[in-house]
Amino acid sequence: MDGALKVFDIMTARGCQVDDRVCSVIVSGFSKARKSEAGLDFYDRVRKDVSGFEPGLMTLTMVVNLLGREGRTGEVPELTTEMERKGMMGDEVFYGSLVHGYMRSGMLMEGLREHGLMLEKGIAADVVNYTTVIDGMCREGSVEKVMGFLDEMERMGAKPNLITYTSLVGGFCKRNRLEDAFSIVRKLEQTGVVVDEYVYSILIDRLCKNGDLDKAFSLLGEIESKGIKVGIVTYNAVINGLCKAGDTAKAVEISEAVTGDNFTYSTLLHGYIMEEDMTGVMAIKGRLETSGIAFDVVTCNVLIKALFMIKKADDACSLFHRMRGMGLSPNTVTYHTIIDAMCKLGEFDRAVELFDEYKKDTSFSSTVVHSGLIGALCNAGKVIMAEQIFCDLIHKKLRPDSCTYRKLIHANFKEGGEQGVLNFIGKVGELDMDLFSSVCSYASSFLSTRDCCQAALAVYKIIRTQFFAVSSKTFYKLLKSLLRNGNEQAIQPLLGEFIKIHGLHEPRTVNMLSCHLSKKNVGEAIRFSSYMNNGSVPVSVLRGAIYALKKEGEILDAYSFLKEAEKSGFPVDLAMYSIVVEGLCRGGNVEKALDLCESMKKEGIHPNIIIHNSVLSGLCQHGCFTEAFRLFHYLERSNILPTIITYAILIGALCREGFLDDAYHFFQKMSNNGIRPTTHIYNLLISGYCNYGLTEKALELLSHFEDLFLLPDAFTLGAVISGHCLKGDTEAALGFFNEYHCKDMVPDFVGFMSLVKGLYAKGRMEESRGILREMFQCKQVVELINSIGHEVQTESLVGLLSSACEDGRIDEVMTILSEVRLMSVSSSDSNSCNTLTHLKRPPRIDDTCDPRTDSEQVLSSVTFDVSSNCLHGSSEGTLQPMTERADNLCISSDDTDIDIGNLLGKSFYDEFDTYYPAIASLCSKGELLKANKAIEAMIQNSG
DNA sequence: ACATTATAAC
């Protein structure tokens with residue numbers, strides 16, 4: 001090109017007129033050399049500087065060609081409108097270039113449209129035009145459609161040439177139809193056409209890409225023997241095949257026998273990069289530098305990557321900066337490579353600097369650089385920086401791939417929890433509707449699976465208020481999550497919307513609806529379900545029904561229901577037995593529970609550790625200690641591992657009965673078996689010691705906490721305080737209270753009250769009142785008192801108590817509170833009992849310690865046989881092999897319709913915060929009746 | 001004016 005330009009300069013200098021033909025030849029040269037930038041510069045220069053020159057069709061055709069070759073078809077329309085203004089009309093060559101450009105930019109439809117337009121204008125298409133179209137279709141992967149085109153071509157008198165067939169061969173190879181590709185070649189050879197290197201290089205390349213190197217080499221030998229010259233392109237295909245197969249050494253060997261080009265060296269470098277062979281990389285880099293080849297962009301890109309690999313980051317950057325001087329523009333891959341490398345080095349600021357440079361170039365329309373950087377920043381926890389990159393995508397109206405926004409949602413969740421995700425949604429409202437809707441759908445589903453129901457629901461509402469479609473999957477996940485978390489109020493309307501939009505076509509929808517119904521009305525659900533499923537009722541519905549009955553306190557009905565299901569051949573599963581056994585044991589019906597353990601075995605389902613824990617707990621609660629310990633020893637001897645729950649049940653029971661040494665023995669046994677004690681376990685022992693006057697032992701246990709990284713909770717503190725008070729050591733109790741109060745830790749209700757009573761008994765009225773007041777500051781205690789007040793329909797207590805407390809009527813307070821306490825202890829109703837234990841335990845203690853939560857988490861897949869023998873007499877249990885590990889043995893977290901842990905929502909607590917100031921003020925003014933009204937309103941609102 | 005080979009993708 002340099003020579004051509006020199007001649008051109010001489011021409012203009014001598015006043016030789018530059019015509020369309022001369023100009024077009026030079027632009028064509030730039031086009032073939034893929035130097036569109038320089039070509040356009042030249043074109044502009046000639047138009048401006050050469051007087052009397054007006055670009056004609058030939059030059060314009062070459063400009064279109066040049067743009068098309070580099071995928072810059074977007075700039076073509078400006079040119080065509082200018083032509084129309086001047087009344088110029090394209091010929092078949094012009095349209096050929098135009099169509100070619102579209103085809104190479106992956107715009108098949110536009111290409112076909114221009115081709116059709118040309119025909120409409122009465123311009124006949126020649127072989128080249130048809131070949132261009134055929135090639136475009138082959139590239140897109142539709143060789144089949146091409147066959148029809150071939151016929152049309154013949155009819156129009158344009159005979160396909162070798163180039164047409166080459167495109168066809170390429171099309172078949174793309175679809176991996178090698179047989180068809182080869183048959184074309186054979187037919188050509190039969191008709192006497194001399195097939196050239198182009199065709200063979202395509203075939204060889206395909207063979208290599210398929211890993212069929214043997215066939216590739218034999219074909220290579222075949223064409224060499226035919227006397228067809230084999231050039232660098234074919235060798236490069238083979239070299240590339242070897243590199244991809246992991247044999248870069250062999251590839252290098254071949255490359256040494258030929259004169260390599262940019263393709264050769266970039267392939268080899270990439271091969272060694274993949275093999276992480278630093279010496280290999282350096283050797284190729286050396287050969288490349290001494291070869292005297294002028295680098296192209298791809299070679300630079302690979303070389304930059306290679307330099308980072310051999311830890312020469314500075315050299316990589318310097319090459320990057322030298323590119324423009326070499327006449328090369330860094331492209332998307334260049335920026336991706338260098339930014340990615342910077343991130344891997346932890347140089348995020350430099351990565352962002354490079355990105356800022358990249359984003360200024362508006363001609364880039366890829367999202368890869370953005371995605372890569374966002375991913376790396378998210379991984380490094382730099383969410384804010386990542387969001388800024390995402391903003392650039394939005395502003396450029398580029399469509400990020402789903403991985404990118406998912407990554408951002410995950411990172412925001414990690415950083416800021418559900419609120420973080422909601423904030424992110426708030427920030428990306430500028431996205432186009434369709435994309436925003438996808439982001440919201442994903443966010444809602446994601447939050448649902450993480451059990452962030454409220455946030456998931458909020459996102460769902462955003463989708464709905466914007467009138468976007470909510471996919472069945474998003475609905476389903478949200479509903480599942482609500483169902484799992486006992487969020488009954490939200491389910492009903494949502495389910496209604498879901499069914500209105502998506503109908504009841506999917507079986508999973510029917511199941512879910514049945515489960516929901518079953519929690520309300522067992523019979524209706526079963527009828528509905530058997531109707532929808534042609535008579536068969538899925539196990540999940542029956543499970544839901546049993547759970548519903550138990551929740552309603554009708555455990556005996558649940559029991560009969562299960563028995564009925566067994567008899568009628570309905571499906572039964574482990575979870576159903578688990579629910580009923582637990583309920584029976586809790587209700588004191590251990591006999592029936594054991595009977596169920598027997599009958600479930602007949603159904604081929606074997607009791608697991610969860611069920612045993614229930615039985616164990618039932619036995620303990622009803623004083624059957626001998627049986628309980630027999631069962632424990634049986635478990636120990638079989639391969640059934642007792643869990644922390646098992647130990648908690650026994651330690652708790654022993655402590656309650658005052659067998660403190662035995663309890664401690666079990667505690668040690670548990671530790672020896674590799675189960676780390678938690679605060680909850682310690683609490684059992686500490687309160688045991690305290691209740692029996694052994695406060696020192698309790699404190700000694702407390703002193704272990706720090707070494708074990710455990711924190712005492714409200715329960716721990718309450719136990720120690722009441723222990724001190726029990727011994728009359730109010731001073732010690734007060735000191736202990738203050739010590740933790742300073743650290744913002746308070747005891748539970750029992751602890752508070754012991755201290756209040758202790759101080760009161762010693763006549764320390766002021767202090768007693770102070771502690772009481774302190775207690776009312778404690779939300780958990782207030783919550784407990786209120787929930788009892790709510791349940792037993794007494795006057796709302798907090799208002800009365802706090803006002804009495806302010807007035808110094810401690811006696812009155814004491815009476816009320818002792819009543820409250822009595823209620824909480826004597827209540828034998830299983831439901832309120834549940835509520836109480838749930839509340840008495842401060843939130844967020846180790847969850848795994850709650851046997852009811854555990855039953856969901858640990859529902860293990862271990863099957864075994866428990867025989868009631870082990871409870872009465874012979875302790876021999878028969879261990880059965882894990883023959884039937886039925887799917888329904890495990891309640892997977894996604895399929896669970898049972899939520900025993902979440903019996904009481906948090907709403908009350910929120911309401912209390914809102915109402916409290918008003919109530920407090922009314923009480924202080926003596927307006928107790930009004931205060932009570934306010935409290936009732938509060939309770940109703942939270943209901 | 002039409003046909004062949006190499007690089008990036010959390």
Side-chain angles (χ1 to χ4, degrees), chain A residues 24 28 31-32 58 61-62 64-66 68-69 90-101 103-104 126-136 138-139 160-171 173 196-206 208-209 231-241 243-244 260-271 273 296-306 331-341 343 366-379 386 400-408 410-411:
Chain A
S24 80
S28 158
S31 174
K32 284 194 179 120
M58 287 174 83
T61 300
M62 286 327 300
V64 169
N65 185 277
L66 169 140
R69 273 197 160 137
D91 58 4
E92 78 281 0
V93 183
F94 176 82
Y95 278 102
S97 286
L98 192 56
V99 173
H100 182 240
M103 295 304 191
R104 289 297 169 112
D126 63 9
V127 206
V128 179
N129 292 112
Y130 280 113
T131 303
T132 308
V133 171
I134 285 171
D135 186 64
C138 286
R139 259 168 220 286
N161 61 15
L162 180 58
I163 298 180
T164 320
Y165 288 114
T166 309
S167 289
L168 230 53
V169 170
C173 284
D196 62 6
E197 191 198 351
Y198 275 89
V199 178
Y200 281 109
S201 70
I202 294 168
L203 292 169
I204 287 179
D205 180 55
R206 192 69 246 165
C208 288
K209 287 210 163 77
I232 189 66
V233 176
T234 308
Y235 285 117
N236 283 340
V238 176
I239 288 169
N240 187 36
C243 287
K244 289 275 148 68
D261 62 3
N262 275 307
F263 284 77
T264 323
Y265 290 111
S266 53
T267 302
L268 291 173
L269 274 175
H270 188 245
I273 290 173
D296 67 3
V297 184
V298 177
T299 303
C300 280
N301 292 345
V302 182
L303 198 49
I304 287 171
K305 189 169 170 150
N331 63 13
T332 314
V333 181
T334 321
Y335 280 102
H336 180 271
T337 307
I338 194 163
I339 289 175
D340 187 58
C343 289
S366 156
T367 59
V368 186
V369 177
H370 293 78
S371 302
L373 183 52
I374 289 171
L377 289 169
C378 283
N379 287 341
D401 59 3
S402 63
C403 293
T404 305
Y405 62 73
R406 283 173 193 211
K407 191 106 200 169
L408 275 163
H410 294 184

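So that the names make sense, note that chain A is the first sequence line, chain B the second, and so on, each numbered from 1. Quantities reported herein were computed from a predicted structural model and do not represent experimental measurements.
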Picking from B:dA8, B:dT4, B:dT5, which would you name as closest to the side chain of A:Phe263?
B:dT5

Counting side-chain heavy atoms from C-beta on, which of B:dC10, B:dA8, B:dA1 comes nearest to A:Ser28?
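Closest nucleotide to the A:Ser28 side chain: B:dA1.
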
Rounded to whole Å, how long is the line connecting atom [atom1] of [X] with atom [atom2] of [N]?
X	N	atom1	atom2	result
A:Tyr335	B:dA8	OH	C1'	14 Å
A:Ile374	B:dA9	CD1	C1'	13 Å
A:Asn236	B:dT5	CG	P	11 Å
A:Asn301	B:dT7	CG	P	11 Å
A:Ile304	B:dA8	CD1	P	13 Å

Judged by modelled atom types alone, do A:Asn240 and A:Thr267 share a side-chain donor-acceptor pair under 3.5 Å?
no

Side-chain donor-acceptor pair present, A:Asn129, A:Thr132, cut-off under 3.5 Å:
no

Using a cut-off of less than 4.0 Å, is there contact between a side-chain N or O of [X] and OP1 or OP2 of [N]?
X	N	value
A:His410	B:dC10	no
A:Lys244	B:dT7	yes
A:Arg69	B:dC2	yes
A:Lys209	B:dA6	yes
A:Asn240	B:dA6	yes

Under 4.0 angstrom, heavy atoms only, what part of the nucleic acid is [X] near: base, sugar-phosphate, or nothing?
X	result
A:Thr61	nothing
A:Ser266	base
A:Val298	base
A:Asn331	nothing

Rounded to the nearest 0.5 Å, what separates atom OG1 in A:Thr61 from atom CG in A:Asp91?
5.5 Å

All heavy atoms of A:Cys378 vs all of A:Lys407, minimum pair found to be CB-CG, 3.8 Å

By side-chain hydrogen bond (donor to acceptor under 3.5 Å, both in side chains), which residues pair with A:Lys32, not counting sequence neighbours?
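Once residues adjacent in sequence are excluded, A:Lys32 has no partner under the side-chain hydrogen bond (donor to acceptor under 3.5 Å, both in side chains) criterion.
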
Does any N or O donor sit under 3.5 Å from an N or O acceptor when you compare the side chain of A:Asp401 with the base of B:dA9?
no

